[in-house]
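A quick write-up on the structure given underneath.
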2 protein chains.
Amino acid sequence: MKFDDKVPIYYQIKQHVYHEMMTGALQPGAKLPAVRQLALDLTVNVNTVQRALSELIAEGTLVSQRGKGNFVTSDQELIARLKETLIMTQLAVAYDQLHGLNMSDDEIITSMQRYIKQREVQTDDSIND
Amino acid sequence: MKFDDKVPIYYQIKQHVYHEMMTGALQPGAKLPAVRQLALDLTVNVNTVQRALSELIAEGTLVSQRGKGNFVTSDQELIARLKETLIMTQLAVAYDQLHGLNMSDDEIITSMQRYIKQREVQTDDSIND
DNA sequence: CCTAGTGTTATATTTATCTATTACAATATA
DNA sequence: TATATTGTAATAGATAAATATAACACTAGG
């Protein structure tokens with residue numbers, strides 16, 4: 001995994017877990033890889049992984065069972081709320097950033113549409129996502 | 001100015017300058033406030049301001065004149081290219097983030113439209129931008 | 001009971017960032 | 001020619017983040 005060196009790694013790992021939960025790669029109740037394995041996969045120190053997971057555990061997104069492993073919560077209600085929050089937060093961030101570049105509401109929509117169209121063209125010869 | 005404690009301050013100051021150039025608050029050739037004044041305004045150290053400006057100077061966005069001040073480049077061509085780059089970068093970031101939350105291209109557009117509509121309602125009793 | 005695998009915690013070291021402070025270099029102006 | 005204002009640079013100290021390493025705590029399985 002590639003990290004943005006402008007943002008703490010532990011924070012990016014948190015986002016990574018959210019991401020996998022949203023895409024379904026991590027289902028409710030699913031067992032995560034062992035922390036030492038995650039550290040290897042992400043090419044990062046165990047303590048850094050642990051810091052990210054600790055925060056996710058503290059907020060209830062993950063459940064830790066000493067000696068067994070870390071698991072995604074089975075509380076579907078909590079996951080649904082989390083998803084809503086993540087989406088709304090990202091929409092707000094995206095809007096603010098574009099609006100901050102002096103784009104009007106209409107320009108934001110149309111330029112995003114244009115970007116997506118152009119992106120489809122650039123990838124139409126591959127079988128990418 | 002409020003800073004995100006997850007991102008280096010000097011980096012956020014760079015973005016702040018870009019922002020002001022895009023909105024027209026900083027026109028081509030315009031003189032910036034003195035570095036010591038900027039430090040006061042932003043409530044940060046002079047060295048932190050200097051680090052941000054140094055990078056902007058190195059890339060040609062700003063021009064420094066020792067004893068006189070720092071100025072926005074008068075190279076309109078460079079500014080136009082910068083604007084294009086900033087917008088395309090932000091569109092890509094926004095798209096990737098939302099797409100990463102498992103949203104389809106259509107969902108990205110429609111949810112952004114919904115977000116903007118809802119935002120208008122929430123602010124329709126004020127004279128905010 | 002022992003061992004392997006799991007999460008958890010602690011210490012020390014390194015690096016990046018930010019700060020405070022001081023000094024130097026160039027320009028404008030009184 | 002002074003003096004103030006500007007950008008620039010250097011030093012030293014504080015803090016946060018990440019690392020390497022080691023140890024501890026719990027669980028499962030032979």
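Quick note on labels: first sequence line is chain A, next is B, and so on, each numbered from 1.
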#### Entry: Whole angstrom value for the distance that separates C1' of D:dT27 from NZ of A:Lys31
11 Å

### Message
With a 4.5 Å cut-off on side-chain heavy-atom distances among I, L, V, M, F, W and Y, is there a chain of contacts connecting A:Met22 to B:Met103?
### Response
yes

### Task
Let me know the distance between CZ of B:Phe3 and C1' of D:dA16, rounded to the nearest Å.
18 Å

### Query
How close or far is atom P of D:dA16 from atom NZ of B:Lys6, stated in whole angstroms?
12 Å

### Short side-chain N/O contact from B:Arg51 to OP1 or OP2 of C:dC18, under 4.0 Å
no

### Message
Rounded to whole Å, please give me the gap between CG in A:Asn70 and P in C:dG5.
### Response
17 Å

### Query
Taking it one step at a time, do B:Tyr10 and B:Asn47 satisfy side-chain hydrogen bond (donor to acceptor under 3.5 Å, both in side chains)?
CA-CA 9 Å; B:Tyr10 80 89; B:Asn47 291 324; over 6 Å; no

### Message
Any non-hydrogen side-chain atom of A:Asn70 less than 4.5 Å from a side-chain atom of A:Leu38?
### Response
no

### Message
Measure CD/B:Gln50 against P/D:dA9 and give the value in whole Å, please.
### Response
7 Å

### Query
Does NZ belonging to A:Lys117 count more than 12 external heavy atoms closer than 6.0 Å?
no

### A:Tyr10 OH to D:dA16 P, straight-line distance once rounded to whole Å
11 Å

### Message
I need the full list of salt bridge (charged side-chain N to carboxylate O under 4.0 Å, His left out) pairs touching residues 69-94 of chain B, with sequence neighbours left out, sorted by first then second residue.
### Response
B:Glu77-B:Arg81

### Task
Hey, could you give me the CD/NE2 distance between B:Gln12 and B:His16, rounded to the nearest 0.5 Å?
11.0 Å

### Message
Looking at every heavy atom in both B:Pro28 and B:Ser74, which two are closest together, and how far apart are they?
### Response
CB-CA, 4.4 Å

#### Entry: Cluster link A:Val7 to A:Leu86, ILVMFWY, side chain under 4.5 Å
no

### Query
Between D:dT6, C:dC18, D:dA18, which nucleotide gets closest to the side-chain atoms of A:Ile9?
D:dA18

### Task
Could you identify which residues of residues 34-49 of chain A place a heavy atom less than 4.0 Å from some atom of DNA chain C, listed by residue number, or say none?
A:Ala34, A:Val35, A:Arg36, A:Asn47

### Query
CZ of B:Phe71 versus P of C:dA26: gap in Å, rounded?
17 Å

### Query
Starting at CG of A:Asp4 and ending at P of D:dA17, how long is that distance when rounded to a whole Å?
15 Å

#### Entry: Nucleic acid contacts - residues 53-69 of chain A versus DNA chain D, non-hydrogen atoms under 4.0 Å
A:Arg66, A:Gly67, A:Lys68

### Query
So, do A:Ile109 and A:Asp105 sit near enough that their side-chain heavy atoms are less than 4.5 Å apart?
no

